[in-house]
2 protein chains.
Amino acid sequence: MGTTQLEAVPEPKYWHLRTVLADALDSDFAVGEILPNERELAARFGVARATLRQALDQLELEGRLQRRRGVGTTVAPPRVGVDVSTTRHEWPGAGAGGDGWQAVECALATAPGTVARLLSTASGEEVHTVRRLRVWHGRPVAAELLYVPASSVPDLPAIDTPSGPARARAVLRELQRLDLDGQERAVELGSARADDAKELDRLPGAPVLVVTTRYVVQGRTAVVSLATYRADTCRLTFGASGDLEISDQPQERQAS
Amino acid sequence: MGTTQLEAVPEPKYWHLRTVLADALDSDFAVGEILPNERELAARFGVARATLRQALDQLELEGRLQRRRGVGTTVAPPRVGVDVSTTRHEWPGAGAGGDGWQAVECALATAPGTVARLLSTASGEEVHTVRRLRVWHGRPVAAELLYVPASSVPDLPAIDTPSGPARARAVLRELQRLDLDGQERAVELGSARADDAKELDRLPGAPVLVVTTRYVVQGRTAVVSLATYRADTCRLTFGASGDLEISDQPQERQAS
DNA sequence: GAGTGGTCTAGACCACTGT
DNA sequence: CAGTGGTCTAGACCACTCC
């Protein structure tokens, strides 16, 4: 990376800087390599640290950089493709955990208004909330909250183990007995709440892709799932084998 | 909205501020209503304008606010569900424009490295690039760039109209003649390039959902599409009717 | 021209990581 | 402990929209 000064251009400095840095990443850096620190980079380009950070923010949003407090800024590996296809209609947890989901927790709660509106339940009705974590290549990529109305799993044994992973698995097991008619899925951008951020090893407010799934049984919405995927490291694939390469990143050398 | 001072809390000010503002949006504001300006809000909460802006950034990322330079900050309507399902395997433009796509431009170019790697073409081969714009409820929601290798449309009449919408439609028409075996789709977060930003009426760097589609013919990737959707206003729906409500926003009153 | 959000600066201090 | 990124401040000026 050069010591180039930025010339006067009509576009914002941080945007131009982003381009310059992106090119430098392509040509001069390997995946995992650590960049000079922010104060150093800012000085090198003759801008304030805040401006440099604005450029780094962009590159991090695009999944090209990874910043860790106390450590430094490293070149991120290409995003990993995570399959979220709905071609096979099946309940969560059906694949016996092969897709990286692990049940974590279970509790009884009242669904928030938006979820209650999706479920055909009274807004005050109690639902089981099952928390799952999805791990991919050894890294947590998604945190999910499943809302299962008590009426959807009437045969669930009462309070034997009121919470914990065992209870969560019991709820999922009960779902397998229902005939799933179909599922509807949507993706949108969000920012990580405190609890999700913690599970995903990110700071609160980190950009996430929120996948909402509606599980339909006999025309009714029997279960609603809200899964938040790390937007920086994940690419969601639909009906694909995950080998879709998308971003501008060329194949990069591996850092030593 | 109150004049509440922020108390000392272990969480970042901007994050707490985000929560306070989000609650205020729910209770005190209607969709389309204009907020006090940033300097005013910052003073009211006793923080620097930059800190307030960080909170507004979050809310805008979540699609709850809309900021327009020279105008002000308004409460955004709920995100609109845009169907991007792949249940029916069909070529772009097959639906006779009912899905809001309009062909805009066509040109000959060499595909960028990443796209060339998806297409089974030599990286130097020329491809037709078809630009389309998707309009939804009168607003542009997506800009797409289709990469069609010349070898995929061998019967395309040569240079009668070398560019423009007519040429773009001609390329799309040629595609309908091929037997489409399937398509693979992926979604990831990106930031709008200058040209996309302009078409989408956003600033460069605005967050977008990048949908990459691979159209498969006889095991080969015949066409690659890169569509960038406005992340602030769009929710991408898969195999659904678009009535999935996702975010935390309750139903809001309409502004006068 | 007045008012808005967007960019940029030059500092300061904090929270966290490694040694 | 030193070094990193994360937060925050108090200003300044610019680009844009609307009257």
Side-chain angles (χ1 to χ4, degrees), chain A residues 5-19 21 33-61 65-76 191-192 194 197-198 201-207 232, chain B residues 5-19 21 33-61 65-76 191-192 194 197-198 201-207 232:
Chain A
Q5 295 292 313
L6 304 174
E7 69 266 28
V9 279
E11 69 187 350
K13 270 190 194 177
Y14 80 90
W15 185 251
H16 184 222
L17 198 46
R18 186 209 77 95
T19 310
L21 286 170
E33 199 171 339
I34 188 165
L35 267 63
N37 71 55
E38 298 183 348
R39 291 161 180 87
E40 158 93 28
L41 281 177
R44 209 183 278 196
F45 287 103
V47 299
R49 188 174 156 224
T51 304
L52 173 85
R53 278 183 61 81
Q54 222 176 331
L56 294 184
D57 285 345
Q58 290 285 340
L59 292 168
E60 194 182 25
L61 199 75
L65 288 181
Q66 195 170 344
R67 294 193 277 186
R68 271 172 304 169
R69 172 154 48 174
V71 179
T73 302
T74 54
V75 180
S191 53
K198 199 173 148 196
D201 194 24
R202 302 249 62 198
L203 292 175
D232 55 344
Chain B
Q5 295 293 312
L6 303 176
E7 68 267 29
V9 279
E11 70 188 350
K13 270 190 194 177
Y14 80 90
W15 185 251
H16 184 222
L17 198 46
R18 184 210 78 97
T19 309
L21 287 170
E33 198 172 339
I34 189 165
L35 267 62
N37 71 56
E38 297 184 348
R39 291 162 180 86
E40 158 93 27
L41 280 177
R44 206 182 281 195
F45 288 102
V47 299
R49 189 175 156 223
T51 303
L52 173 86
R53 279 182 60 81
Q54 221 176 330
L56 294 183
D57 285 344
Q58 289 286 340
L59 291 168
E60 194 181 26
L61 198 74
L65 290 181
Q66 195 170 342
R67 295 193 276 187
R68 270 171 304 169
R69 172 153 48 175
V71 179
T73 302
T74 55
V75 180
S191 54
K198 199 172 149 198
D201 193 25
R202 303 249 60 199
L203 292 173
D232 56 342

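Hydrogens, waters and symmetry mates play no part in the numbers below; they use all other heavy atoms, side chains included. We name chains A, B, ... by the order of the sequence lines, and we start the count at 1 in each one. Because the structure is a prediction, the values reported are computed rather than measured.
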Distance in angstrom units between L41(B) CG and dG3(C) C1', rounded: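 Taking CG of L41(B) and C1' of dG3(C), I get 15 Å after rounding.
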
Length of the CG-C1' vector between D201(A) and dT17(C), whole Å: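 Taking CG of D201(A) and C1' of dT17(C), I get 13 Å after rounding.
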
Rounded to the nearest 0.5 Å, what separation is found between the [atom1] atom of [X] and the [atom2] atom of [Y]?
{"X": "L21(B)", "Y": "H16(B)", "atom1": "CG", "atom2": "NE2", "value": "10.0 Å"}
{"X": "L35(A)", "Y": "T73(A)", "atom1": "CG", "atom2": "OG1", "value": "6.0 Å"}
{"X": "L203(B)", "Y": "W15(A)", "atom1": "CG", "atom2": "CH2", "value": "10.0 Å"}
{"X": "R202(B)", "Y": "R68(B)", "atom1": "CZ", "atom2": "CZ", "value": "10.5 Å"}

Nearest heavy atoms of P36(B) and R44(B), plus distance in Å: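 It is CG-NH2, 3.8 Å.
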
Footprint string (nucleotides 3-13 of chain D, 5' to 3'): B base within contact, S backbone only, - free, heavy atoms under 4.0 Å: BBBBBSB--BB

